[in-house]
**Student:** 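Let me begin by handing over the structure; questions about it come next.
Quick caveat, the model's predicted, so the values are computed rather than measured. What's counted below: heavy atoms across the whole structure, side chains too, no hydrogens, waters or symmetry copies.
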Amino acid sequence: MRFFQSPNFLRNVLLIDATTCVITGALMTLGSGVLTQLTSIPRDLLLYAGLSLFPIAAFMAVAATRAALSSTAVWLVILGNVAWVAGSLWLLVGGTISPNAFGFVFIAAQAVAVAVLAELEVIGVRRLAASPVSA
């Protein structure tokens, strides 16, 4: 409960988001061959989606560690997360790929995790806007 009450709530959520991007990016990039076999998700999709997460994580980390949080930067992170969720849903229902059951769970779990992070960031940026000294 203290996590949600912390004055650093938004910074912490952004750093968690950045960390999960690095971990997921490493898994998808370094493990793309194995993941393809386990999930039936195309290797190139896993590889390039994983690679895209590293600069995104860097942006999140920079945004989180500035002296003053930028609501514009946070909204960019949120919009990026929404785009990731939308892309994940498209992969699941759009017929562009044919993941097996594990692949479906792999994509769906990412979408849910990213959606939760986006919602937490929305809560945090609204608190930031409502604070007496907002950036």
**Student:** Can a donor-acceptor pair be found, under 3.5 Å and without considering hydrogens, that links the side chain of R11 to the backbone of R66?
**Tutor:** yes

**Student:** List the atom pairs, with distances to 0.1 Å, where a side-chain N or O of residues 87-97 and a protein N or O form a donor-acceptor pair under 3.5 Å, not counting sequence neighbours.
**Tutor:**
from, atom 1, to, atom 2, distance (Å)
S88, OG, W84, O, 2.9

**Student:** Tell me whether W75 shares a hydrophobic cluster with L14, the cluster being built from Ile, Leu, Val, Met, Phe, Trp, Tyr side chains joined at under 4.5 Å.
**Tutor:** yes

**Student:** Could you tell me whether the side chain of I41 reaches within less than 4.5 Å of the side chain of T36, counting heavy atoms only?
**Tutor:** no

**Student:** Show every donor-acceptor pair shorter than 3.5 Å between a side-chain atom in residues 44-63 and any protein atom, with sequence neighbours excluded, or say none if there are none.
**Tutor:**
from, atom 1, to, atom 2, distance (Å)
S52, OG, A49, O, 2.6

**Student:** As an exercise, state the distance from CD1 of I123 to CG of L10, rounded to the nearest 0.5 Å.
**Tutor:**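 Here the interatomic distance stands at 10.5 Å.
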
**Student:** Same cluster or not: are I16 and F9 linked, directly or through other Ile, Leu, Val, Met, Phe, Trp or Tyr residues, by side-chain heavy atoms under 4.5 angstrom apart?
**Tutor:** yes

**Student:** Is there a side-chain contact between V125 and E121 in this structure, where contact means two heavy atoms from C-beta onward sitting under 4.5 Å apart?
**Tutor:**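 When only atoms from C-beta onward are counted, E121 and V125 do not touch, as no gap falls below 4.5 Å.
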
**Student:** Which value, rounded to the nearest 0.5 Å, describes the distance between N81 atom CG and C21 atom SG?
**Tutor:**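 Separation between the atoms: 7.0 Å.
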
**Student:** Hey, does the side chain of T20 reach the backbone of D17 with a donor-acceptor pair shorter than 3.5 angstrom?
**Tutor:**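 Judged by distance alone, yes, a pair lies under 3.5 Å.
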
**Student:** Kindly work out whether a path of hydrophobic side-chain contacts (I/L/V/M/F/W/Y, heavy atoms less than 4.5 Å apart) joins L27 to I107.
**Tutor:**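 Same hydrophobic cluster.
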
**Student:** With heavy-atom distances below 4.5 Å as the criterion, would you say the side chains of M28 and Q110 are in contact?
**Tutor:**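 Answer yes - side chains close enough.
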
**Student:** Would you say L69 and L15 are hydrophobically clustered, going by side-chain heavy atoms of ILVMFWY under 4.5 Å?
**Tutor:** no

